[in-house]
Amino acid sequence: MEKGIDLTPDMYFILRHLWGEQDGCRQQELADKTDKDKASLTKLIDNLEKRVLVRRSVDGEDRRSKRVWLTNDGKNLKQIVYPLALQVVETAEAGVNKEDILRVKETLDQLVSNLRRG
């Protein structure tokens with residue numbers, strides 16, 4: 001990522017989910033929301049923990065589950081990373097009709113759905 005920020009796109013998507021209303025969500029929920037298998041997600045969270053951007057804790061309701069929380073550094077990173085991500089989207093969408101973007105998204109969603117059923 002730009003500006004000296006050491007994040008992969010997959011790490012960004014995890015953080016973006018946590019920056020929303022989901023800080024402290026269960027690790028399995030994160031796996032489902034980010035379309036990652038448990039092993040991949042565990043590795044990503046390990047890397048985010050090494051960067052002191054998230055921390056894990058045992059779920060108080062289900063001791064078999066873990067919850068993922070943003071650290072202060074993780075929360076503060078949003079102010080730097082989010083505007084960069086918006087710039088990338090703006091650049092990618094330049095000159096493209098919004099209806100075309102929606103049509104492509106719907107088509108890709110259908111393709112993914114078809115593959116999951118197969």
Side-chain angles (χ1 to χ4, degrees):
M1 193 165 252
E2 293 181 24
K3 307 261 184 192
I5 299 167
D6 184 22
L7 287 179
T8 66
D10 286 336
M11 288 178 187
Y12 167 75
F13 289 122
I14 290 168
L15 290 171
R16 189 180 75 175
H17 185 73
L18 295 170
W19 288 329
E21 301 298 318
Q22 298 298 317
D23 190 19
C25 75
R26 288 188 176 96
Q27 197 163 317
Q28 184 59 52
E29 289 173 33
L30 258 181
D32 295 342
K33 294 285 185 182
T34 58
D35 243 1
K36 298 288 174 206
D37 61 59
K38 269 183 134 175
S40 296
L41 184 71
T42 297
K43 189 173 183 177
L44 287 165
I45 293 173
D46 286 346
N47 285 322
L48 288 168
E49 276 187 316
K50 287 177 189 170
R51 291 168 172 79
V52 195
L53 299 174
V54 301
R55 66 177 176 78
R56 279 181 273 209
S57 65
V58 174
D59 185 343
E61 297 171 16
D62 180 356
R63 295 178 50 98
R64 297 168 296 169
S65 295
K66 296 216 172 165
R67 290 194 177 262
V68 181
W69 300 89
L70 290 163
T71 63
N72 284 335
D73 286 348
K75 290 175 186 174
N76 293 335
L77 188 61
K78 179 181 180 182
Q79 296 169 10
I80 299 166
V81 173
Y82 206 69
L84 293 173
L86 291 176
Q87 281 180 333
V88 169
V89 169
E90 187 176 305
T91 300
E93 292 179 348
V96 180
N97 184 312
K98 293 288 182 192
E99 289 81 26
D100 290 340
I101 292 170
L102 288 173
R103 201 170 308 116
V104 167
K105 183 187 178 315
E106 289 170 0
T107 301
L108 290 172
D109 288 345
Q110 183 62 53
L111 291 169
V112 169
S113 177
N114 291 347
L115 291 171
R116 285 190 176 143
R117 281 188 268 143

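You'll find the side chain of D73 stays beyond 4.5 Å of the side chain of L77, heavy atoms only. Considering only heavy atoms from C-beta on, V54 comes within 4.5 Å of L15 through its side chain. Residues T34 and D10 have side chains not in contact (no heavy-atom distance under 4.5 Å, counting atoms from C-beta outward). K50 has its side chain within reach of N47: a pair of non-hydrogen atoms, C-beta onward, lies under 4.5 Å apart. Annotation: side chain of L48 is not in contact with side chain of R56 (no heavy-atom distance under 4.5 Å).
Within the structure, salt bridge (charged side-chain N to carboxylate O under 4.0 Å, His left out) contacts touching residues 79-97 (residues at least two apart or in different chains) are E93-K98. Within the structure, salt bridge (charged side-chain N to carboxylate O under 4.0 Å, His left out) contacts touching residues 105-114 (residues at least two apart or in different chains) are K105-D109.
Taken to the nearest 0.5 Å, the CE atom of M11 stands 11.0 Å off from the CD1 atom of I45. Atom OH of Y12 sits about 13.0 Å away from atom NE2 of H17, to the nearest 0.5 Å.
One hydrophobic cluster holds both L86 and F13 under the rule that ILVMFWY side chains link at heavy-atom gaps under 4.5 Å. No continuous path of hydrophobic side-chain contacts links V52 to L7 [ILVMFWY only; heavy atoms under 4.5 Å].
A salt bridge is absent between K43 and D46; no separation between the charged side-chain nitrogens and carboxylate oxygens falls under 4.0 Å.
Every residue two or more places apart in sequence or in another chain was checked for a salt bridge (Lys or Arg N to Asp or Glu O under 4.0 Å) with D37, and none qualifies. Contacts of R55 classified as side chain to side chain donor-acceptor pair (under 3.5 Å), with partners at least two apart in sequence or in another chain: none.
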Apply side-chain contact (heavy atoms from CB on, under 4.5 Å) to the pair K38 and L41, showing each step before the final yes or no.
CA-CA 5 Å; K38 269 183 134 175; L41 184 71; 5.9 Å; no
Let me have the donor-acceptor pairs involving side chains of residues 22-32, under 3.5 Å, with sequence neighbours excluded, atom names and distances please.
unit_1, atom_1, unit_2, atom_2, d
D23, OD1, L70, N, 2.7
R26, NE, D59, OD2, 2.5
R26, NH2, D59, OD2, 2.9
R26, NH2, E61, OE1, 3.1
Q27, NE2, T42, OG1, 3.2
Q28, NE2, D32, OD1, 3.0

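With hydrogens and angles disregarded, no donor-acceptor distance shorter than 3.5 Å links the side chain of W69 to the backbone of L18.
For K33, the NZ atom sits in a loose shell: 12 or fewer heavy atoms of surrounding residues, nucleotides or ligands are nearer than 6.0 Å.
Across every non-hydrogen atom of W19 and G74, the tightest pair is NE1-O, 2.9 Å.
Membership of the apolar cluster around V96 extends to I101, as traced through chained side-chain contacts below 4.5 Å between ILVMFWY residues.
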